[in-house]
Amino acid sequence: MRPNVLRSQLDAILRDGVAYSHEEWALGTSGVAAPVHAGGTVVAAIATVGPPGAAGMRRCADAVRLAALTVAQELGPVTAQWQHHRDRY
């Protein structure tokens, strides 16, 4: 993978609060994951995996992001970096 492609993907993850996988972990699967933050550190992740296809995972992204933020809120205050994702709900 070229460095500019990786940088673009990392920027999208920071902007959107989720990461997507399309047959990268296992053939025939796609996934979406969101980090769980506690005290400014990522301590876990919430993810879902399903059949291949970006559309299905994009439909799941809000639910995965919200689940991760809900767990993070139970663990403590949400950091400023992720506040804008919480404000969507």
Side-chain angles (χ1 to χ4, degrees):
M1 180 178 295
R2 296 175 312 189
N4 58 337
V5 173
L6 177 59
R7 170 54 46 205
S8 175
Q9 289 176 344
L10 293 173
D11 289 344
I13 292 166
L14 286 173
R15 180 190 67 236
D16 299 339
V18 294
Y20 296 97
S21 169
H22 302 289
E23 298 194 34
E24 295 168 21
W25 181 71
L27 291 177
T29 65
S30 289
V32 60
V36 175
H37 292 265
T41 301
V42 175
V43 296
I46 302 287
T48 189
V49 177
M57 291 301 106
R58 294 204 190 289
R59 285 192 303 271
C60 295
D62 283 344
V64 170
R65 189 183 303 107
L66 181 57
L69 287 167
T70 301
V71 171
Q73 287 176 331
E74 292 297 318
L75 296 174
V78 175
T79 62
Q81 178 183 6
W82 296 98
Q83 179 72 36
H84 68 282
H85 294 296
R86 183 179 70 180
D87 292 343
R88 292 180 181 180
Y89 306 100

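For this chain, numbers begin at 1 and follow the sequence in order.
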S.K.: Tell me whether Val18 is reachable from Val43 by hopping between hydrophobic residues (I, L, V, M, F, W, Y) whose side-chain heavy atoms are closer than 4.5 Å.
M.R.: yes

S.K.: Taking side-chain hydrogen bond (donor to acceptor under 3.5 Å, both in side chains) as the definition, give me every residue that meets it alongside Asn4, ordered by chain and number, with sequence neighbours left out.
M.R.: none

S.K.: Minimum heavy-atom separation for Ala47 and Ala33, please, with both atom names.
M.R.: CB-CB, 3.7 Å

S.K.: Can you tell if the side chain of Arg58 reaches within under 4.5 Å of the side chain of Tyr20, non-hydrogen atoms only?
M.R.: yes

S.K.: How far apart are the closest heavy atoms of Val64 and Ile46, and which atoms are they?
M.R.: CG1-O, 3.3 Å

S.K.: What are the two closest non-hydrogen atoms of Asp16 and Arg65, and how far apart are they?
M.R.: O-NE, 2.7 Å

S.K.: Looking at every non-hydrogen atom in both residues, tell me the closest pair between Met57 and Val32 and how far apart they are.
M.R.: SD-N, 3.7 Å

S.K.: If you compare all heavy atoms of Ala68 against all heavy atoms of Ala34, which two are closest, and at what distance to 0.1 Å?
M.R.: CB-CB, 3.7 Å

S.K.: Might you point out which heavy atoms bring Ser30 and His22 nearest each other, and give the distance in Å?
M.R.: OG-ND1, 3.3 Å

